[in-house]
Amino acid sequence: MTIAMSDSMTRIWNTLLAVPVGKVVSYGQLADLAGLPRGHRQAARALRLAPEALQLPWHRVISANGKIALEKDSDGYRQQMELLRADGVEVINGRINMTRFRWQPDLAELLFTLKH
DNA sequence: TTGCTGACTGCCT
DNA sequence: CAGGCAGCCAGCA
């Protein structure tokens with residue numbers, strides 16, 4: 001079976017692969033870094049449709065307000081929280097301190113993600 | 001073409 | 001701090 005994937009989706013995925021352990025990004029930020037301004041909806045969609053085989057660090061993407069975007073009492077929510085804590089990211093009362101854990105790539109990292 | 005739907009955001013109460 | 005809401009944009013019926 002083939003999956004209809006757009007160029008924007010692969011951009012999102014490649015950018016996501018560059019997010020390091022212990023750091024998070026918002027949907028909007030991920031889209032921006034992938035070269036898709038105002039593409040936060042696309043970022044969300046790219047995550048939802050991502051093949052598991054890609055081994056993407058999907059849990060490092062959260063809402064801009066610092067909360068996990070998934071429904072609070074869902075399995076996905078609990079799984080994401082566990083994965084984040086395993087990364088060393090503090091999740092307190094369901095939210096994350098963005099000033100401490102937001103990924104802020106330097107120029108070298110940005111160029112690297114753009115290359116792939 | 002039209003309308004609706006999201007793993008979203010920022011602004012306003 | 002919690003809702004409400006318009007704006008956003010690709011995909012699908």
Side-chain angles (χ1 to χ4, degrees):
Chain A
M1 150 187 174
T2 59
I3 297 177
M5 59 178 84
S6 62
D7 177 60
S8 60
M9 237 188 318
T10 57
R11 282 182 177 221
I12 294 286
W13 293 339
N14 284 328
T15 305
L16 177 55
L17 286 171
V19 183
V21 174
K23 291 295 176 181
V24 298
V25 289
S26 71
Y27 290 84
Q29 184 189 359
L30 179 61
D32 284 344
L33 292 173
L36 303 168
R38 297 181 300 289
H40 41 86
R41 293 278 192 190
Q42 288 178 76
R45 186 161 193 281
L47 256 56
R48 186 167 59 82
L49 300 178
E52 196 168 333
L54 288 183
Q55 304 275 338
L56 296 174
W58 60 272
H59 59 285
R60 313 220 253 250
V61 186
I62 63 178
S63 296
N65 60 14
K67 293 183 185 172
I68 290 175
L70 296 172
E71 191 179 348
K72 191 158 191 174
D73 288 315
S74 64
D75 290 332
Y77 180 94
R78 284 183 284 276
Q79 186 184 6
Q80 184 165 12
M81 189 161 67
E82 285 177 23
L83 290 170
L84 283 171
R85 284 178 171 157
D87 276 2
V89 175
E90 294 176 18
V91 185
I92 303 172
N93 291 328
R95 68 178 88 135
I96 293 153
N97 187 327
M98 291 299 269
T99 63
R100 284 183 55 195
F101 296 104
R102 182 192 291 280
W103 180 45
Q104 294 172 326
D106 58 30
L107 185 56
E109 287 176 297
L110 272 182
L111 292 176
F112 180 80
T113 67
L114 291 179
K115 240 195 269 187
H116 304 62

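Labels below follow one simple rule: chain letters A, B, ... track the order of the sequence lines, proteins then strands, and each chain is numbered from 1. Excluded from the calculations below are hydrogen atoms, water molecules and symmetry mates; all remaining heavy atoms, backbone and side chain alike, are included.
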For a quick test of reading the model, state the closest non-hydrogen atom pair linking [X] to [Y] and the distance between them.
| X | Y | result |
| --- | --- | --- |
| A/Ser26 | A/Val61 | C-CG1, 4.2 Å |
| A/Asp32 | A/Pro37 | OD1-CA, 3.5 Å |
| A/Ala64 | A/Met98 | O-CG, 4.2 Å |
| A/Tyr27 | A/Ala43 | O-CB, 3.6 Å |
| A/Gln104 | A/Glu109 | O-OE1, 4.4 Å |
| A/Ala18 | A/Trp103 | O-CZ2, 3.6 Å |

Side chain of [X]: nearest nucleotide among [options]?
| X | options | value |
| --- | --- | --- |
| A/Arg95 | C/dC1, B/dG10, C/dC8 | C/dC1 |
| A/Ala44 | C/dC1, B/dC8, C/dC9 | B/dC8 |
| A/Leu47 | C/dC8, B/dG10, B/dA7 | B/dA7 |

Query - Proximity to DNA chain B (any heavy atom under 4.0 Å), residues of residues 16-33 of chain A only - result: A/Ser26, A/Tyr27, A/Gly28

Between [atom2] on [N] and [atom1] on [X], what's the gap in Å once rounded to a whole number?
| X | N | atom1 | atom2 | value |
| --- | --- | --- | --- | --- |
| A/Leu36 | B/dC8 | CG | C1' | 14 Å |
| A/His59 | B/dA7 | NE2 | P | 19 Å |
| A/Leu49 | B/dT5 | CG | P | 18 Å |
| A/Arg45 | C/dA10 | CZ | P | 11 Å |
| A/Ile12 | B/dC8 | CD1 | C1' | 12 Å |
| A/Glu71 | B/dT5 | CD | C1' | 16 Å |
| A/Lys72 | B/dA7 | NZ | P | 19 Å |
| A/Arg38 | B/dG6 | CZ | P | 23 Å |

Query raised in the report: Which pairs count as salt bridge (Lys or Arg N to Asp or Glu O under 4.0 Å) when at least one residue sits in residues 79-96 of chain A, sequence neighbours excluded?
Result: A/Arg60-A/Asp87, A/Glu90-A/Arg100

Requested in this report: May I ask you to verify if any side-chain N or O of A/Arg41 is less than 4.0 angstrom from the OP1 or OP2 atom of C/dA10?
Outcome: no

**Report entry** Gap in Å between the two P atoms, one belonging to C/dC8 and one to B/dC12, rounded
**Finding:** 15 Å

Query raised in the report: Considering heavy-atom distances to DNA chain B, does A/Ile62 or A/Gln42 have its closest nucleotide positioned more toward the 5' end?
Result: A/Gln42

Query - Nucleotide opposite C/dC8 in a Watson-Crick or G-U pair, distances under 3.5 Å - result: none

